[in-house]
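Just below is one structure, and these are the notes that go with it.
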Amino acid sequence: MTVNDLKHKKLVAWIEEIKALCEPDDVVVADGSKEQYDALINECVDSGLAIRLNQEKKPGCVLFHSDPSDVARVEKRTFIASEKEEDAGPTNNWIDPVELKSTLKGLYKGCMHGRTMYVIPFSMGPLGSPISKIGVEITDSAYVVCNMMIMTRVGVKVLDLLGEDGYYVPCLHSVGKPLENGETDGGKWPCAPMEHKYISQFPETREIWSYGSGYGGNALLGKKCMALRIASVLARDEGWLAEHMLILKITNPEGKSKYVTGAFPSACGKTNLAMLIPTIPGWKVETIGDDIAWMKPGKDGRLYAINPEAGFFGVAPGTSKSSNYNALAAASKNTIFTNVALTEDKDVWWEGIGYDAPGKLIDWNGNEWIQDKNNKEQKPAAHPNSRFTAPANQCPCIAPEWEDPQGVPISAILFGGRRPSTIPLVHMARNWNHGVFLGSIVGSEVTAATLDVKAGTIRRDPFAMLPFCGYNMGDYFQHWIDMGKDDQEQKNLPKIFYVNWFRKKDGKFVWPGYGDNSRVLKWIFECCDGVAKTVDTPIGIMPTIDAIDRPEGVTEEDMKELLTVDKAGWLKEVEDIRTNHYPKFGKHLPKELAAMLDTLEEALRK
Ligand code: TSX
Ligand code: MN
């Protein structure tokens with residue numbers, strides 16, 4: 001498909017403008033067809049950028065190895081370019097939009113020499129859903145096109161919806177590596193050096209300009225850039241919520257279902273929770289989404305959620321049959337792997353896959369790698385942030401209604417983090433504002449792998465949105481408060497919970513987690529029906545000691561540890577929020593949240 005086939009005048013004008021700026025060799029429109037996907041994958045394989053995997057073991061799968069400098073989102077090179085610095089707020093990098101556009105135009109000039117410029121019309125959310133939004137990504141990376149074809153809905157159907165003058169979010173991307181005088185990539189992953197990488201969001205004009213990285217959230221612009229950073233701004237202005245949340249469906253033995261969303265910082269197992277296999281007989285969990293939820297109030301006052309994505313861009317290491325059977329099954333065919341290790345028979349392997357490396361591997365750097373379990377210093381074969389890009393409809397536990405254009409009505413919202421102490425297994429907020437307070441204090445223990453802060457300290461990641469909020473985080477808190485203004489007692493709005501699977505005693509996890517988290521989900525289900533066994537505490541509403549069935553290996557003493565309010569610990573928590581966390585937001589901190597902190601402290605001191 002070419003630009004001549006397009007009917008949307010403004011889109012054609014934008015494409016011509018970018019073509020004149022970036023000077024590609026040619027321009028191709030992504031039509032969403034299987035033929036085009038296969039042809040692009042073939043090109044990547046033929047040029048040596050990708051390896052086709054064993055078609056018996058992994059049909060339709062390929063493996064890419066990125067440049068070692070281009071392996072993750074780059075937060076220090078991510079910018080919110082609002083007109084006023086205050087509107088980006090204290091937790092975002094800000095650059096003046098005029099200055100940033102001028103810098104970027106300098107970089108984009110001629111940046112697509114020797115490359116094809118692809119135009120990708122995509123829908124975030126089911127085609128034609130009243131909650132969905134359309135974007136168009138221009139990119140010079142075939143890898144990006146193929147990943148976008150899995151992660152979003154791409155092609156002619158989107159162009160039809162767009163018509164001659166429909167609204168779309170323009171998303172510009174280049175790997176930032178022009179090829180001069182017949183030069184080729186030579187099978188090497190193209191990208192620009194760190195100081196030339198820019199992941200830029202312009203919230204007022206709703207534009208995304210990304211330069212210099214080909215990896216994940218930096219380059220697949222529908223995901224973090226559009227569905228979170230730009231969408232959070234749209235959501236604020238239009239009265240809905242764009243959140244970094246999984247969406248799951250839980251069904252009890254009587255066949256009654258509820259929908260639950262959950263926000264967790266990275267490395268808490270959000271994808272695992274979304275695809276959990278319950279250990280309690282008769283209960284079922286199905287998946288709507290594993291990363292992003294768009295929630296809009298319906299006429300009945302309930303929040304309806306869609307998953308704006310169409311695939312999973314999951315972290316591979318740690319994914320095994322026992323940790324996440326369903327994710328492995330989803331990624332067993334038609335999947336793009338990035339930065340995992342390659343086996344001799346052209347299958348994939350990664351740390352935590354559940355079995356030892358079968359023989360000699362090629363690691364993510366392209367070097368030979370032989371597992372040495374006696375060597376604690378051995379570098380991993382798969383990069384710790386290596387990924388699978390898998391179609392959501394291949395997930396065995398995907399809910400039949402996952403693409404319902406109306407969305408699914410949400411009964412409960414979960415917040416959580418990795419907290420070895422203080423935070424109990426589960427507690428429920430007293431009301432909406434208390435729930436917003438819990439979201440605002442989300443945080444995870446910093447592990448030894450993070451070198452910039454002391455291990456054992458808590459890194460706050462409010463609503464798990466710290467790197468993803470497209471505007472002032474204090475104003476974002478206020479937007480959440482405002483969403484509850486008319487329904488404080490939550491007649492229609494979801495109930496809000498804080499969960500913690502990561503309590504430790506003597507260095508060991510007290511709660512077995514994974515499938516046994518269904519026991520906590522059951523209590524949450526019962527709370528939504530008003531039939532749970534509960535006790536009022538200074539921190540909120542908690543299960544009685546016998547409300548949650550004990551999993552095997554968890555003693556009554558463990559249960560007490562998990563469900564007792566640690567008053568001294570919570571007073572320290574209050575102190576940390578008061579001195580280190582809330583002051584960051586200055587006058588943008590909602591007075592309701594400051595009051596909630598005072599109320600909590602008073603209750604703890606009683
Ligand atoms: O994903 C996790 N979940 C949610 C599952 C639905 N993980 C992995 C986190 C890294 C991505 C967990 N790790 C969970 C959890 O609930 N809990 C834990 C901690 C834990 C780890 C191991 C054991 C118990 C708890 N047990 C043994 O290793 C035998
Ligand atoms: Mn995420």
Side-chain angles (χ1 to χ4, degrees), residues 72-73 75 78 151 216-218 220 222-229 231-232 242-248 250 260-280 283 285-287 289-293 307-309 311-320 322-328 350-354 384-387 389 397 414 416-420 423 425-426 442 444-445 447 449 461 463-469 499-521 524 551-554 558 562:
R73 288 186 300 102
E75 288 177 15
T78 300
M151 293 305 295
N218 301 330
L220 314 176
K223 194 174 178 66
K224 304 303 190 182
C225 301
M226 175 166 156
L228 288 174
R229 296 195 193 100
S232 65
E243 300 301 326
H244 190 205
M245 289 179 178
L246 65 88
I247 314 168
L248 64 80
I250 177 160
V260 178
T261 63
F264 297 80
S266 60
C268 288
K270 200 154 62 102
T271 302
N272 299 342
L273 185 62
M275 301 176 188
L276 158 152
I277 299 171
T279 54
I280 31 176
W283 288 73
V285 166
E286 291 162 282
T287 309
D290 79 325
D291 196 39
I292 302 176
N307 171 11
E309 302 190 280
F312 308 121
F313 186 64
V315 174
T319 307
S320 68
S322 59
S323 75
N324 197 335
Y325 172 88
N326 290 306
L328 266 195
W350 51 75
E351 282 69 21
I353 199 171
N385 192 40
S386 56
R387 301 280 173 156
T389 315
C397 64
L414 315 185
R418 263 180 187 269
R419 297 294 303 262
I423 313 290
L425 179 62
V426 58
V442 163
S444 250
E445 182 197 26
T447 55
D461 183 0
F463 293 80
M465 281 289 278
L466 200 61
F468 306 120
C469 185
V499 297
N500 177 22
W501 321 132
F502 300 93
R503 282 288 288 243
K504 278 186 175 174
K505 198 163 86 181
D506 308 323
K508 284 207 187 102
F509 290 110
V510 187
W511 182 251
Y514 298 96
D516 282 319
N517 293 337
S518 58
R519 298 164 196 275
V520 177
L521 294 178
I524 289 167
E552 208 179 307
V554 177
D558 291 337
L562 289 163

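Numbering of ligands and ligand atoms starts at 1, following listing order. Treat the numbers as computed from the prediction; the structure is a model and nothing was measured.
Between Phe312 and Met275, the closest side-chain pair of non-hydrogen atoms falls below 4.5 Å. Side-chain contact check for Lys224 versus Phe313: every heavy-atom pair is 4.5 Å or farther apart.
At a heavy-atom cutoff of 4.0 Å, ligand 1 is contacted by the side chain of Arg418 but not by its backbone. Of all the heavy atoms of Ser323, none lies under 4.0 Å from any atom of ligand 1, so neither backbone nor side chain is involved. Residue-level proximity to ligand 1 for Phe502 is carried by the side chain, the only part with a heavy atom below 4.0 angstrom.
For atom 8 (C) of ligand 1, the closest non-hydrogen atom of the protein is Tyr514 OH, 3.0 Å. Distance from atom 4 (C) of ligand 1 to its nearest protein heavy atom, with residue and atom name: Asn517 ND2, 3.6 Å. Looking only at protein heavy atoms, the nearest one to atom 20 (C) of ligand 1 is Phe509 CD1, 3.4 Å. Residue, atom and distance of the protein heavy atom nearest to atom 26 (N) of ligand 1 are Pro512 O, 4.9 Å.
For atom 13 (N) of ligand 1, a protein non-hydrogen atom is found at a distance below 4.0 Å. The nearest protein heavy atom to atom 29 (C) of ligand 1 is not closer than 4.0 Å.
Using a 4.0 angstrom heavy-atom cutoff, Met275 does not count as in contact with ligand 1. Residue Ala267 places a heavy atom less than 4.0 Å from ligand 1.
Proximity to Gly513 (heavy-atom distance under 4.0 Å) selects the following atoms of ligand 1: 16 (O). Listed by atom number, the atoms of ligand 1 under 4.0 Å from Asn272 heavy atoms are 1 (O), 2 (C), 5 (C), 6 (C). Atoms of ligand 1 lying under 4.0 Å from any heavy atom of Leu273, numbered from 1 in the order shown and given with element: 6 (C).
A pairwise comparison of heavy atoms in Ala274 and Val285 identifies O-CG1, 4.1 Å as the closest pair. Heavy atoms only, all atoms of each residue included: Ala227 and Ala242 are closest at O-CB, 3.9 Å.
The closest donor-acceptor contact from the side chain of Arg503 to the backbone of Ile423 lies under 3.5 Å. Within the 3.5 Å criterion, the main-chain N or O of Met465 finds a donor-acceptor partner in the side chain of Asp461. Between the side chain of Asp558 and the backbone N or O of Val510 there is no donor-acceptor pair closer than 3.5 Å. Between the side chain of Trp350 and the main chain of Ala316, a donor-acceptor pair closer than 3.5 Å is present. Side chain of Lys270 to main chain of Asp291: a donor-acceptor pair is present (N/O by atom type, distance under 3.5 Å, no hydrogens or angles).
In terms of N/O distances under 3.5 Å, ligand 1 is not approached by Trp511.
Inclusion of Lys224 in the first shell of the Mn ion (ligand 2) is supported: an N, O or S atom falls under 2.8 Å.
Remark: Asp516 pairs with Arg519 by the salt bridge (charged side-chain N to carboxylate O under 4.0 Å, His left out) rule, at least two apart or across chains.
The Mn ion (ligand 2) lies closest to atom OD1 when only the N/O/S atoms of Asp291 are considered.
Ring orientation note: the planes of Phe264 and Trp501 are close to parallel, at an angle under 30° on the 30°/60° scale.
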